[in-house]
> 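I am attaching a structure below and will ask some questions about it afterwards.
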Amino acid sequence: DSASGTLAGLSLPSTSDYPYQFGLAVSSGVSVRTASVAVHVVPADIPTASVSTQHGQLRADGSRKIALDKALVLDGTCSNTQGALQWHIDPGVDVTDSSVFELLPTVSGSSLLSMKAGMTALVPGNTYTVSFSCTVNNLVGTAMTSLLVDLPPKGKACQVCKLGAAGCVKIGQPMSDYFEFGCIQWSDAEDLPLMYQFGYSGTFGNKATTHTYAWNTVPAVQIFFPTGTVQLHAVVMDSFGSKSKTMYDT
């Protein structure tokens, strides 16, 4: 038979002249046998770690809301400049993927983890736990923070139609018929107003042309074109900076 007991780390103060005595007594009902062991607890310099970021929006629960369309830099620091530093993002994010993440140069005892804008390593709507650890002589200090990835706005596919036509007509007279390219019924749960950016590309008179309009709160743009085939594109962005995927119509 065997018996065991567990004490949580840091639950006992360090000893000086006299050790702790841990004992075990076994009784058969008639006799009792005992055994003991002396244990000295010495103070350990466990490194202190911290993690922070100036990016995103601090929420009431202590987490930060971030937009994938903006770059993110996480700052980790350790109280011991000789510590081995390591990052983790859970669940299931590979911080060693250099196509997404980059360790920026900084001073000893610090680590800057940068995530490039527009990457798909994090999923909109999900919450991730970022851990930064510092290890010195097998003693580990860890700090954590939570990141909530903002959901981009949602709506119907943007569409271009000739103005004044019955139904959605996509053919018209050059330089006279106006077309309206619009994104209707778009919304966002938290971050209003929405902004819209429209543009087009095509070949007119054997010359390739691309034009993108400035961001605007108006969800449509009216345009006329010279002779040619035109591809239009649109992006919708919420006030936090999260963008929809680029939508196309011809």
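Quick caveat, the model's predicted, so the values are computed rather than measured.
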> Using a 4.5 Å cut-off on heavy atoms from C-beta on, say whether the side chain of E190 contacts that of K65.
yes
> Which residues pass the side chain to side chain contact (heavy atoms under 4.5 Å, CB included) test with S201, sequence neighbours left out?
T210, Q231
> Would you indicate whether the side-chain heavy atoms of V236 and M247 approach each other to under 4.5 Å?
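Yes, close enough: below the 4.5 Å cut-off.
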> Nearest 0.5 angstrom please: I66 CD1 to L122 CG, how far?
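If I round to the nearest 0.5 Å, the distance is 5.5 Å.
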> More than 12 foreign heavy atoms under 6.0 Å from CD of Q54: is that the case here?
no
> Just list the side-chain donor-acceptor pairs under 3.5 Å for residues 29-52, sequence neighbours left out, or say none.
unit_1	atom_1	unit_2	atom_2	d
S31	OG	S28	OG	3.4
H40	ND1	T15	OG1	3.1
S50	OG	T77	OG1	2.4

> State, with a plain yes or no, whether a side-chain heavy atom of Y128 is found less than 4.5 Å away from one of N126.
yes
> Could you check whether atom CG of N137 has more than 12 heavy atoms from other residues, nucleotides or ligands sitting under 6.0 Å from it?
no
> Do P124 and L68 have side chains that approach each other closer than 4.5 Å (heavy atoms only, starting at C-beta)?
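A side-chain contact exists here, since the closest heavy-atom pair is under 4.5 Å.
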> Can you tell if the side chain of D238 reaches within under 4.5 Å of the side chain of L192, non-hydrogen atoms only?
no
> Taking the side chain as everything from C-beta on, heavy atoms only, tell me whether L103 gets closer than 4.5 Å to L112.
no
> Kindly compute the distance separating CG (D188) from OG (S244), expressed to the nearest 0.5 Å.
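If I round to the nearest 0.5 Å, the distance is 11.0 Å.
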> Of all the heavy-atom pairs spanning M144 and S131, show the shortest one and how long it is.
CG-OG, 3.4 Å
> How far apart are the closest heavy atoms of D17 and P19, and which atoms are they?
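Distance-wise, the nearest heavy atoms are O-CD, 4.0 Å.
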> Using 0.5 Å steps for rounding, measure from the CE atom of M175 to the CZ atom of F224.
4.5 Å
> Measure the shortest side-chain to side-chain distance between L194 and W186 over non-hydrogen atoms and say whether it is less than 4.5 angstrom.
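Side chain of L194 against side chain of W186, heavy atoms only: contact under 4.5 Å found.
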> Using residues 145-163 as the side-chain source, report each donor-acceptor pair under 3.5 Å to any protein atom, sequence neighbours left out, with the distance given to one decimal.
unit_1	atom_1	unit_2	atom_2	d
D150	OD2	S242	OG	2.7

> Flag the pair D249 and K170 as a salt bridge only when some basic side-chain nitrogen lies within less than 4.0 angstrom of an acidic carboxylate oxygen.
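Yes, charged N to carboxylate O under 4.0 Å.
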> Would a hydrophobic clustering, with Ile, Leu, Val, Met, Phe, Trp and Tyr connected at side-chain separations under 4.5 Å, put V123 with F101?
yes
> Nearest 0.5 Å, please: how far is CD in Q82 from OG1 in T135?
13.5 Å
> Using distance only, find each side-chain donor-acceptor pair of residues 84-91 under 3.5 Å and give its atom names and separation, not counting sequence neighbours.
unit_1	atom_1	unit_2	atom_2	d
W87	NE1	S111	OG	2.8

> Same cluster or not: V235 versus Y196, using hydrophobic residues (I, L, V, M, F, W, Y) connected whenever any side-chain heavy atoms lie under 4.5 Å apart?
no
> Looking at CG of L232 and CZ of F181, how far apart are the two atoms once the value is rounded to the nearest 0.5 Å?
5.0 Å
> Could you list the donor-acceptor pairs under 3.5 angstrom formed by side chains in residues 5-12, with sequence neighbours left out?
unit_1	atom_1	unit_2	atom_2	d
S11	OG	A8	O	2.6

> Would you give the length of the straight line joining atom CE of M195 to atom CE of M237, rounded to the nearest 0.5 angstrom?
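Reported value, rounded in 0.5 Å steps: 5.5 Å.
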> For Y213, give me all partners under side chain to side chain contact (heavy atoms under 4.5 Å, CB included), at least two apart in sequence or on another chain.
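Side chain to side chain contact (heavy atoms under 4.5 Å, CB included) list for Y213, sorted by chain: F198, Y200, H211, V221, I223.
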> Measure the shortest side-chain to side-chain distance between R64 and T53 over non-hydrogen atoms and say whether it is less than 4.5 angstrom.
yes
> Testing the basics here: between G56 and F240, what is the closest heavy-atom pair and its distance to 0.1 Å?
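Here G56 and F240 meet closest at CA-CZ, 4.2 Å.
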> Hydrophobic cluster membership, with links at side-chain heavy-atom distances under 4.5 Å among I/L/V/M/F/W/Y: are F225 and Y178 in one?
no
